[in-house]
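Residue indices begin at 1 and follow the sequence shown. Atoms within a ligand are numbered from 1 in the order they appear, just like the ligands themselves.
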Amino acid sequence: MSKQPHVLVIPYPAQGHVAPLLKLATKIAEHGIKVTFVNTEFIEAKVMASIPEKAEGWSLIKFVSISDGIERDDDRKDFDKTRNTMLRVMPGNLKDLIEKINQSSDCEQITCVIADISVRWALEVAQNLGVSRAAFIPYGPENLALSFHVTKMIEDGILDSNGNPMNDGLISISEGTLPWKRNEICWSCRGNEKMQKILFESICAVVQFVNISNWVLSNSFYELDPSSCDLVPNILPIGPLLASNNSRHLAGSLRPEDSTCLSWLDKQSIGSVIYVSLGSTATLNQQQFEELALGLESSSQPFLWVVRSDLVDGSLTGFPDGFKERITGRGKIVEWAAQEKVLAHPSVACFVSHCGWNSTLEGLSMGVPFLCWPYFVDQYQNRNYICEAWKIGLNLCPDGNGIVTRHEIQTKVTKLLSDEGIKRNALKLKETAINSLVEGGSSFENFERFIVEMKSS
Ligand code: UDX
């Protein structure tokens, strides 16, 4: 007789990774399957502090934390150092945790590990312990497909061994997928060669870790990008993973959500509000921050703007003179919003977004047109899909000095809000996304298949 399934889920310790995996974990737990969710201690404190007391999903999942090895006084923003520490400490801690759970009782044994591909070492830990494993891809299928082509592109002289394009042409992996511009590949990090090297190595390593996995779970749906999905062997698109409209699902915020934005939205006209959020890590310089403020002010639309305490490089020295007084009643500023609920609100007209993959999926699943402001990694190509492939948004273009001006913001808001074609495309894509999740839909069927196979593995 096969063992009772017990799934261990482990995300990379960052907002855009914890959130989708927590939604997936809840979905699995709803099938009556035991789920243990492993955060770092640092992240677990944040998740716990932001889960609403009444969220039912809380009781469905067992939360466990392990140390990431980073000392209290260490600078967590030192990406290279924290990454090396985590790589040194966390695989051993995860192994110890699984062994401890497995020794505690026969019916508690971990039968499957679902690991974010960004903590790919967890797949190796599972393999060494003889546990089945699923790689979870938190970014779009186009970047996963790209991983499968990197070796050939180096052999063909399209990329050098560090991932730098060898000429100025577009980088294409198939006829059906959008080509990449040379400075918009997910590892290209202008001015930061070290980071670029780390990202390129990660992308190159993906194939090896996908190959040791029993399943490849993608937070996407097949119809969104069939050409990229067709390039990845055994991919199971099971998204979009959403928390909205289901009180049991946890959004997985690492910051407390300001719920006053929802009552504020209730008071605005249908289809009038510009929602602005640049995700969890993107930053602006003070000049760009002020230009955005003035652009929103001059747009003549109501707006809801997420201004994280760390949105401005260095630190926020303030809003433009008199800005807050002038926007009273028309502009609402919060530190963190309940984003999915905001996007689902009928008052929202458009989404000024950095095009992180979660924000992209959330916006398109709610049928909200985009104004795109990508910041780094996969966000440029996500923007290209939004504007060129799905035609559900417009790009905000920086001027010659790299600044998205108030004039550009005002002009594009007006253009987007009067573009009926984009609105129609957005509503159509929303319908396709939702259909993929209901019985008979592609993501529904893929998820069911995963559950059945995982239970019997
Ligand atoms: C990072 C990368 O930038 C992204 O491109 C990659 O695909 C995943 O990791 P991040 O900046 O965190 O993402 O953006 P995104 O992927 O969009 O995730 C942000 C999450 O925070 C979304 O789920 C969004 O709903 C949530 N959010 C954001 C809130 O809940 N409230 C807010 O106010 C802002």
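- A donor-acceptor contact shorter than 3.5 Å is absent between the side chain of Glu291 and the backbone of Thr405.
- Less than 4.0 angstrom separates some heavy atom of Trp357 from each of these atoms of ligand 1: 4 (C), 5 (O), 7 (O), 16 (O).
- Here is the list of ligand 1 atoms found below 4.0 Å of a heavy atom in Thr281: 11 (O).
- Judged by distance alone, the side chain of Arg133 and the main-chain N or O of Cys112 form no donor-acceptor pair under 3.5 Å.
- Lys391 NZ to Leu429 CG: the interatomic distance, rounded to the nearest 0.5 Å, is 12.5 Å.
- Nearest protein heavy-atom neighbour of atom 16 (O) of ligand 1: Asn358 ND2, 2.8 Å.
- The Asp378 neighbourhood of ligand 1 comprises atoms 4 (C), 5 (O), 6 (C), 7 (O), with distances under 4.0 Å to a heavy atom of that residue.
- Remark: ligand 1 atoms within the under-4.0 Å shell around heavy atoms of Gly16 are 9 (O), 12 (O), 18 (O).
- Annotation: Asn382 places no N or O atom under 3.5 Å from an N or O atom of ligand 1; distance criterion only.
- Considering only non-hydrogen protein atoms, atom 25 (O) of ligand 1 sits nearest to Glu362 OE1, 2.6 Å.
- A salt bridge does not link Glu257 to Lys341: none of the charged side-chain nitrogens sits closer than 4.0 Å to a carboxylate oxygen.
- Among all protein heavy atoms, the one lying closest to atom 26 (C) of ligand 1 is Trp336 CZ2, 3.8 Å.
- Between Arg255 and Asp310, at least one side-chain N (NZ, or NE/NH1/NH2) sits under 4.0 Å from a carboxylate O, which counts as a salt bridge.
- Nearest residue to atom 10 (P) of ligand 1 from Gly356, Ser280, Gly363, Gly279 is Ser280 (criterion: closest heavy atom).
- Using 4.0 Å as the threshold, Tyr375 has no heavy atom nearer than that to any atom of ligand 1.
- Short contacts between ligand 1 and Ser359, defined as distances under 4.0 Å to a heavy atom of the residue, involve ligand atoms 15 (P), 17 (O).
- Under the 3.5 Å distance criterion, the side-chain polar atoms of Trp336 are left unmatched by any main-chain donor or acceptor of Leu254.
- A salt bridge does not link Lys197 to Glu193: none of the charged side-chain nitrogens sits closer than 4.0 Å to a carboxylate oxygen.
- Taking a 4.0 Å cut-off on heavy atoms, Gln379 registers as neighbouring ligand 1.
- Of the charged side-chain nitrogens involved, none lies within less than 4.0 Å of a carboxylate oxygen, so that Asp258 and Lys332 do not count as a salt-bridged pair.
- Close to ligand 1: His17, with a non-hydrogen atom less than 4.0 angstrom away.
- Remark: side-chain polar atoms of Gln379 are not paired, donor with acceptor, to backbone N or O of Gly356 under 3.5 angstrom.
- Judged by a 6.0 Å distance limit and a 45° cone about the ring axis, Lys181 is not positioned over the six-membered ring of Tyr380.
- Here the CZ-CG distance, from Phe351 to Leu416, works out to 12.5 Å after rounding to the nearest 0.5 Å.
- With a heavy-atom cut-off of 4.0 Å, Ser253 touches ligand 1 through its side chain alone.
- With respect to atom 20 (C) of ligand 1, the closest heavy atom belonging to the protein is Gln15 CG, 3.9 Å.
- Under a 4.0 Å criterion applied to the non-hydrogen atoms of Phe376, ligand 1 contributes the atoms 3 (O).
- Ligand 1 has at least one atom lying under 4.0 Å from a heavy atom of His354.
- At under 3.5 Å, a nitrogen or oxygen of Ala337, whether backbone or side chain, sits near a nitrogen or oxygen of ligand 1.
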